[in-house]
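Notes follow the structure.
If you're wondering where the values come from, they're calculated on a predicted model, not measured in any experiment. Throughout, a chain's letter reflects where its sequence line sits, starting with A, and its residues are numbered from 1.
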Amino acid sequence: MDYILEMRHVTKRFPGVVALNDVSIGLHKGEILAICGENGAGKSTLMKVLSGSYASHEYEGEIWIDGQKADFTSVAVAEHHGIEMVYQEMNMMLDASVAENIFVGHLPGKLGWVDYPRLYADTQQILDEIGLPIKPREKVRGLNSGQLQMLSIMRAISRKPRIMVLDEPTSALTDQETDLLMSHMVRLRDSGVAILFITHKLEEIYRIADRVAVMRDGQMVSLHQVKEVEKRQLVEEMVGRKIENLYPKNQPQIGEEVLKVEHLSVPHPTVKGRNIVEDVSFSLRKGEILGIGGLVGAGRSETLGAIFGQITGGVKGKLTVFGREAHIGCPRDAIRAGIGFVTEERKKSGFVWVLSIRENITLASLSHMPKRYIIDRKAERVRAQAMSDRLRIKAPSIETRIVNLSGGNQQKVVLGKWLLEEPRILLIDEPTKGIDVGAKAEIYTIMSELTRAGISIIMVSSDMPELVSMSDRCLVLSNGRLTGTFEGEQITQANVMRAAIAQ
Amino acid sequence: AEGAPLKVYAVSVMSGGAAWGQYEVGFNKACEELGYEGHYLAPQSFNSAAELVNLTETAITNEADIILPVVVDAEAFADVLTRAKEAGIVLVGIQAPDDHLDAYIGTDPTNLGNAIAEALVASVGDGPIKVATMQTSLTAGIQQVQCDAFVAKLAQLRPDAVVIDRLECNSNAAIAADKISALYLANPDCNAMISLDSYAGLGAASFVEEKGLQGQFHVIGIDDAAEILMCIKNKTMDCTVAQMWYDMGYKSVYLAKAIHDGEAFEYANDSGSSIIYAADVDAWAAQNGITLGE
Amino acid sequence: MKTRDFARNLLARNELGTIMPMALLLIVVGFVNPSFFAANNILDILRTASFAFIIAVPITFLMAGGGMDLSIGAATSLGGVICAFALKAGMPVAVAILLALLGGAMVGVFNGLIIVKFALPAFIATLGVQYAINGIIAITTKNLAISGFSSAFKVLGQGKLFGAVAYPVLYALVIGIAGHIMLTRTKYGRSVLAIGGNAETAYLSGINVRGKQISIYIATSVFAALSGVLQAARFASAQPAAGSGTELTIMASVIIGGTSMFGGTGTVLGSALGCVLLATITNALIVMNVSTFWQNLIFGVILIAAIFIDKYRRRASGGE
Amino acid sequence: MKTRDFARNLLARNELGTIMPMALLLIVVGFVNPSFFAANNILDILRTASFAFIIAVPITFLMAGGGMDLSIGAATSLGGVICAFALKAGMPVAVAILLALLGGAMVGVFNGLIIVKFALPAFIATLGVQYAINGIIAITTKNLAISGFSSAFKVLGQGKLFGAVAYPVLYALVIGIAGHIMLTRTKYGRSVLAIGGNAETAYLSGINVRGKQISIYIATSVFAALSGVLQAARFASAQPAAGSGTELTIMASVIIGGTSMFGGTGTVLGSALGCVLLATITNALIVMNVSTFWQNLIFGVILIAAIFIDKYRRRASGGE
Ligand SMILES: Nc1ncnc2c1ncn2[C@@H]1O[C@H](COP(=O)(O)OP(=O)(O)OP(=O)(O)O)[C@@H](O)[C@H]1O
Ligand SMILES: Nc1ncnc2c1ncn2[C@@H]1O[C@H](COP(=O)(O)OP(=O)(O)OP(=O)(O)O)[C@@H](O)[C@H]1O
Ligand SMILES: [Mg+2]
Ligand SMILES: [Mg+2]
């Protein structure tokens with residue numbers, strides 16, 4: 001069968017890194033080709049070559065469309081060939097409306113005029129289709145990352161592409177949204193669209209992909225029919241070693257209560273008089289991993305934000321930390337009380353993009369450094385290097401700017417920042433968002449080590465297997481209310497799901 | 001060095017313009033006649049004493065034989081002028097006197113203020129006088145002196161006269177016109193404005209024209225730019241007080257030469273001013289080579 | 001109930017941010033000196049605001065699109081000077097104006113190229129251009145104003161409709177309405193906002209980012225030149241420093257009107273109110289007979305109070 | 001091989017961006033008029049640059065931290081004026097200077113509060129403050145320069161070490177070194193860069209964002225006031241408009257030195273070079289006998305050329 005799209009011998013270099021090394025791959029009409037690989041393997045780079053965001057003179061190699069050589073000098077050219085891309089880190093125009101964000105660059109209307117009625121109607125239709133409870137005219141500034149991700153997916157779908165490229169579209173989505181996305185993808189494939197799909201979640205590959213390619217260190221290492229390859233083999237090809245146990249959970253040694261939350265209420269950021277977290281009470285014990293599950297918009301992030309002092313206005317409730325009532329007015333107070341917080345949206349609130357890995361990783365622990373005012377550069381380097389090694393951050397050196405890292409490695413830097421700070425209670429919102437299988441196992445190992453050392457963790461997760469396997473206890477929120485608490489054997493996907501959709 | 005032409009530095013307050021442009025022409029003409037090496041310096045921002053002092057310093061560093069500074073602030077200049085003195089440089093001040101100078105030449109700011117007061121009284125006649133003044137900026141040192149002299153002289157000539165306010169216009173006719181218009185609204189009996197900035201007069205004249213106040217609202221302009229003379233011809237301005245900028249530039253170099261050569265000279269040299277009325281415009285323009293438009 | 005909602009909606013609209021401080025100001029002035037409200041005076045204020053607003057319209061696009069331009073003042077002066085030279089050389093009025101706008105366009109192309117194509121920081125690049133233009137004006141005019149124009153030209157700036165509304169106000173009205181429609185209703189306008197909101201997203205969405213940015217820089221300089229031409233007509237004299245210093249006040253008007261310095265939001269209506277507010281303050285201070293020595297202080301205080309009230313209003317009306 | 005790497009490394013350093021354009025300029029000037037290199041002239045240039053640099057140091061922090069301040073020029077004037085009033089009232093020199101710095105600090109506290117606490121846009125807020133301060137100066141001084149200081153005060157600005165190096169150059173050196181160390185080596189400096197890069201991340205990492213921002217606004221105004229005091233000492237006269245207009249050139253120097261207008265990056269060394277570059281251009285134009293009419297044009301061209309060369313160098317050396 002002929003390829004609708006073919007990349008031949010593509011090599012892309014960055015200073016100090018060969019991100020793509022002589023990569024060739026072809027895509028058939030009406031198939032879903034999954035691409036997987038470690039963080040920093042070059043997947044996103046490959047997609048950016050394909051979408052024209054790296055112009056043709058910036059790399060070596062050729063792109064062929066329908067058997068014809070094409071010259072992708074800009075994004076517009078790629079679009080012209082029917083290629084649409086959903087980026088891993090999609091920036092939105094925060095002050096523009098939902099409708100304009102979806103249709104940016106392709107607003108409906110003739111002769112340069114914008115046809116607003118049609119714009120809003122079309123947007124409404126899309127929103128109805130995916131069941132998002134937002135309005136076309138609403139500004140996107142107030143939306144959460146799952147909603148933003150759905151919007152950027154819909155943006156691509158609405159343009160009726162022939163070839164669609166999705167870079168880790170599900171990392172910010174909950175299972176429900178993921179299901180919705182999958183059904184859209186299957187429908188598109190059946191109507192003849194070719195889809196390239198990057199993911200770290202192997203279950204998704206087995207659910208919908210026809211073929212799967214594995215990348216490592218900028219090279220294409222294998223290509224299989226999904227039906228013909230075993231999960232274990234894929235993992236081995238990705239990470240270059242065997243992973244015996246993805247969820248290395250050891251027997252917890254749970255101690256006394258370290259954190260108690262009573263009657264926590266957080267007002268909704270935009271809707272007056274409504275609470276996004278409503279009268280939630282729970283406690284956390286020493287050495288415990290407390291999972292929090294629920295659907296998107298359930299108020300899980302807000303719960304963590306309120307504990308950490310990120311959200312303060314109108315928050316009600318009582319916090320007891322290590323037996324003493326705590327008044328946390330800002331993140332600084334929380335940090336002093338021994339709490340750390342890995343946020344969900346790393347780009348917005350996790351790292352400082354102009355700074356290097358070293359500077360980012362030591363940012364929260366500056367006050368732990370040996371000298372009072374001066375930064376001891378040697379000590380800083382040693383600590384940063386040690387943490388970077390421990391997390392196996394893939395970069396030319398710790399002086400590399402964090403913008404130049406792959407998404408998963410950025411997440412590791414953010415995690416490393418908090419590990420260096422050595423909190424006694426660690427709040428983690430979506431710990432393995434965008435992280436590859438190998439690194440995931442490492443992060444779980446680290447979490448287990450932390451709990452063994454007496455640190456307590458609250459983990460918000462939309463990754464069901466992760467939630468089920470890693471939690472010692474699991475809370476479920478639905479519409480801001482606590483609808484379930486499970487322990488030990490009771491923590492099952494079915495139980496969690498049932499509580500999540502409870503009213 | 002022996003035999004090399006003398007280096008003359010004019011440290012002026014601006015480059016070009018109706019006033020200082022004429023000064024520069026006169027300065028260059030005299031330098032050319034005498035075979036001197038003339039340098040005309042001006043700061044990048046208007047009315048900065050610091051920049052003027054810096055420029056004077058640069059002139060000293062460049063081994064000037066003669067410097068013609070505008071001493072806008074005696075104290076600010078004291079240090080640098082002392083240094084120049086010690087280096088044996090001839091110092092002729094322009095427009096303002098100072099103890100460190102060998103001599104000075106220019107319209108004496110007090111005399112100019114007096115002349116404007118006289119012109120105003122002559123223009124308004126016997127009626128009441130309620131006048132506003134307008135200068136470039138209230139921080140312009142020499143204009144302050146001129147304005148004070150005007151106020152004092154007016155009080156002496158017409159004790160009943162009222163000075164409503166001192167305005168500033170940043171050398172922008174639009175600002176001038178808007179301000180005088182608003183002032184007139186607030187003080188309908190205001191009947192005159194005198195300008196210490198060329199564009200102030202222009203703005204006021206445009207105000208008179210728009211409101212049809214010819215003959216009722218008196219504008220005294222300053223200097224003799226073509227558009228100012230046109231306003232006088234059109235009766236939107238009563239008269240203008242012209243300083244003799246070309247003469248100032250020309251004579252300053254000759255004055256410095258006299259000092260340098262050890263000839264006799266006066267310390268104070270008032271280059272004077274003339275009041276130009278509508279009847280004088282054409283003759284003045286012809287005499288000074290100014291082309292008037294429509 | 002309904003009217004209250006309506007009022008709240010009105011207050012919540014960004015572009016009307018300056019209405020409340022303005023109303024306060026008007027009440028105070030009217031109290032001190034009712035003659036402030038003379039039709040004549042209001043029309044004067046509008047005329048003053050018009051010259052600034054003609055430039056503020058493209059600046060709204062520019063800043064909403066994430067750019068900045070310190071050379072507009074110089075471009076204003078340049079426009080007047082080119083037009084004056086052309087008129088003095090005996091060219092017809094239309095040709096002279098066209099040449100002035102062309103001169104403005106050239107400045108804009110240059111700005112656009114160095115900032116957009118060569119990615120130089122806009123702040124210094126346009127500061128450099130400001131100096132360069134002022135230099136060119138100094139060399140060609142010897143810093144002398146140019147005057148002596150035909151009345152056919154002067155009427156463009158001095159004429160009044162029904163003997164009351166100055167022509168520049170009408171031009172500003174037309175340009176403002178066109179600008180408003182363009183920014184809110186056309187794909188061009190929405191693209192500009194998208195670029196200001198997030199240039200990368202805009203680019204990845206297939207918008208010709210550079211082309212649009214360059215076109216705004218050109219429009220900015222062209223309208224600045226136009227404002228310069230009109231000012232020359234109004235005073236029957238092209239002043240070499242006609243626009244100097246206006247860049248900051250015009251940018252301030254636009255920001256007061258709700259446009260973000262960092263791009264993404266902006267409304268032409270807001271900029272219009274910003275320009276009128278600044279012109280009103282200047283006028284009101286004199287009408288209230290505030291001594292010149294006090295004017296700067298009070299101007300500053302009102303400026304800060306205006307954005308302060310605006311902020312408070314926004315919070316009270318539930319936005320942000 | 002090694003030396004080539006070294007040279008490349010040197011070129012790749014951000015802060016040295018302006019060295020190449022500067023070197024070019026120096027070669028040209030030296031060719032036209034070798035007396036430019038007279039020790040006296042060089043020291044004069046350094047002194048001129050010093051007054052700006054003393055303010056440029058905190059401005060580097062401010063801009064690296066994502067702020068901006070248009071009131072520094074006015075704060076400079078204010079510092080000189082307060083000091084002069086105190087001296088005239090017979091206070092000891094040290095007390096007078098302290099009062100001036102205190103006045104500066106008050107301006108800074110005000111700026112910090114309205115911008116950081118009440119979140120008003122820095123551009124207009126500080127523009128308003130600029131007007132207000134100029135107003136206060138006008139009211140108190142009637143815009144007349146204040147002079148007649150003791151030599152004990154004047155020597156602070158006029159004195160020279162070994163009869164050659166003006167004291168202000170020494171102060172600038174000390175402040176510059178302290179600033180450099182602070183920005184690159186201390187936790188404070190790192191926090192400032194983090195705030196400029198991403199204020200939310202910095203806040204969530206436990207940095208006292210508002211406190212730091214306010215402290216920089218205060219430092220900025222205090223150093224501006226200090227510069228004003230030194231200028232008053234140097235010119236033996238406190239000028240009511242001593243600092244007016246310097247805000248733009250100082251910000252330009254800092255940006256030329258590689259600090260981003262949008263925060264996150266900045267070096268004190270770069271700002272020093274930026275200040276020296278601007279002072280050198282002004283001086284060089286005079287030394288090369290460029291007519292005053294041409295100076296603005298050439299100044300603008302050199303400014304643009306400088307950032308252009310800088311950009312090109314960065315690309316050539318593989319950065320960005
Ligand atoms: N702009 C850049 N400058 C320098 N290096 C870069 C840049 N972008 C990517 N890289 C490097 O190229 C390599 C491939 O990155 P890429 O983003 O393609 O990885 P990825 O496979 O998408 O990883 P992830 O699963 O974490 O998203 C990484 O080593 C990364 O550090
Ligand atoms: N800054 C904001 N402004 C307005 N609305 C917001 C904001 N943040 C969140 N919301 C709304 O609050 C709801 C809850 O979002 P949130 O991200 O807290 O959910 P969550 O349970 O943490 O989900 P996730 O699985 O994405 O972490 C969403 O419906 C969203 O519309
Ligand atoms: Mg990626
Ligand atoms: Mg969330």
_I need the D:Leu204 CG to A:Phe351 CZ distance, nearest 0.5 Å._
13.5 Å

*Side chain from CB out, backbone as N, CA, C, O: work out which of these in D:Ile207 comes under 4.5 Å of a heavy atom of chain A, or both, or neither.*
both

*Answer yes or no: does atom CE of D:Met106 have more than 12 heavy-atom neighbours from other residues, nucleotides or ligands under 6.0 Å?*
no

*Which of the residues A:Val352, A:Thr362, A:Leu355 is involved in the greatest number of heavy-atom pairs with chain D at under 4.5 angstrom?*
A:Val352

*Check whether A:Ile335 gets within reach of chain D through its side chain, its backbone, both or neither, counting any heavy atom under 4.5 Å.*
side chain

*May I ask you to decide whether A:Glu380 forms a salt bridge with D:Arg190, counting only side-chain N to carboxylate O separations under 4.0 Å?*
yes

*For A:Arg372, is it the side chain, the backbone, both or neither that has a heavy atom under 4.5 Å from a heavy atom of chain D?*
backbone

*Atom OH of A:Tyr373: over 12 foreign heavy atoms under 6.0 Å*: no

*With rounding to the nearest 0.5 Å, note down the distance linking OH in D:Tyr203 to SG in A:Cys330.*
5.0 Å

*Can you tell me how far the CZ atom of D:Arg185 sits from the CZ atom of A:Arg377, to the nearest 0.5 Å?*
3.0 Å

*Inter-residue atom distance D:Lys187.NZ - A:Lys371.NZ, 0.5 Å rounding*: 10.0 Å

*Name the region of A:Ser367, side chain, backbone, both or neither, that has any atom closer than 4.5 Å to a heavy atom of chain D.*
backbone

*Judged by atom type as modelled, is there a donor-acceptor pair below 3.5 Å linking the side chain of D:Asn198 to the main-chain atoms of A:Ser349?*
no

*asked:* Using every non-hydrogen atom in the two residues, find where D:Ser205 and A:Lys417 come nearest and quote the distance to one decimal.
replied: OG-NZ, 2.9 Å

*Value rounded to 0.5 Å, distance of NZ in A:Lys347 from OG1 in D:Thr201*: 11.5 Å

*Name the option with the most non-hydrogen atom pairs under 4.5 Å to chain D; the candidates are A:Leu363, A:Asp376, A:Ile375.*
A:Ile375

